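The basis for the numbers below is simple: all heavy atoms, side chains too, and nothing from hydrogens, waters or symmetry mates. When a residue number appears, it is its place in the shown sequence, counting from 1. From a predicted model like this one, the values you see are computed outputs, not experimental measurements. Start at 1 and go down the list; that is how both ligands and their atoms are numbered.
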Amino acid sequence: MRICADPHVHTIASGHAHSTVLENAAAAKALGHSFVFLTDHAPSIPGAPGELYFHSLCKVLPESCAGLPLVRGCEVNLLNDQGELDLKDATLDRLEWVICSMHAPCIPPRDPDYHTRAWLKAAQNPRIDVIGHLGDQRFFCDYERAVRAFAENGKVVEINSHSFVVRPGSGENCPEIARLCAKYRVPVVVSSDAHFAERVGAFDHALRMLEEIRFPEELVLNADPGRFASFLSKRTGREFPL
Ligand SMILES: [Zn+2]
Ligand SMILES: [Zn+2]
């Protein structure tokens, strides 16, 4: 399986990442990717930029960078089981790609029921496109209920390759999540969650797992440039010529 874009990438704006938009774009270009993404951490991660950064993102940054279409998004934080997020609706409405994740500094891990309720709320939020690193054991939940809700609400589930290294339990939980995505026909994206340009496109762990479980390639949105372009066009109203 060949992946045509890395849809989860951070820049120095995130506060604990080390490359610029231009450096990430050059890395994507060198890898032969068809798109470049920008998904910095939302404000409640310590050191992350404020509301204005995201509010003005699509005004400040052009639609392409280093000759690639630039998709301007964020990684928003799920804050509680009421489904609250740390960016305003009006800000999210201006972005082109919204990953929603749970991070311990923003939502202290509780019990599986709490985490499940939080994901069910996220599933119902039309401003969220992608469910980020769901396999984190600290936020273990009822994956079957969650993935079914993602299917019902048209969400994309991320298979985060970096999770296999840094998020305990991902090696066991991610195959289960991927099998449920196949069962309920939920599209997935493979991502690196790069915090440094040289990590853009590092998909090995995720791809190995998907191969091992014989995950249906047609459900991997970013395994085909045409498939991903048509999804992104529908999402953003922009054209993505390949
Ligand atoms: Zn994250
Ligand atoms: Zn991230």
Trainee: Need the atom name: nearest N/O/S atom of D193 to the Zn ion (ligand 2).
Mentor: OD1
Trainee: Relative to the Zn ion (ligand 2), which of the N, O or S atoms in E75 is the closest?
Mentor: OE1
Trainee: Pick one: which of L79, I128, T91 meets side-chain contact (heavy atoms from CB on, under 4.5 Å) with L85?
Mentor: I128
Trainee: Any idea which N/O/S atom from H103 gets closest to the Zn ion (ligand 1)?
Mentor: NE2
Trainee: Measuring from the Zn ion (ligand 2), name the closest N, O or S atom belonging to H10.
Mentor: NE2
Trainee: Is H41 close enough that one of its N/O/S atoms sits under 2.8 Å from the Zn ion (ligand 1)?
Mentor: no
Trainee: Do the side chains of R127 and D93 get close enough for a salt bridge, i.e. N-O under 4.0 angstrom?
Mentor: yes
Trainee: Can you tell me if, anywhere in H8, an N/O/S atom lies at a distance from the Zn ion (ligand 1) that is smaller than 2.8 Å?
Mentor: no
Trainee: Given H133 and H162, is the ring-ring contact (aromatic ring centres under 6.0 Å, His included) satisfied, shown in steps?
Mentor: CA-CA 9 Å; H133 46 73; H162 196 47; 9.7 Å; no
Trainee: Is any side-chain N of the basic residue among R185 and E218 closer than 4.0 Å to the acidic one's carboxylate O?
Mentor: yes
Trainee: Please say which of R199, H18, E75 ends up in a side chain to side chain donor-acceptor pair (under 3.5 Å) with H10.
Mentor: E75
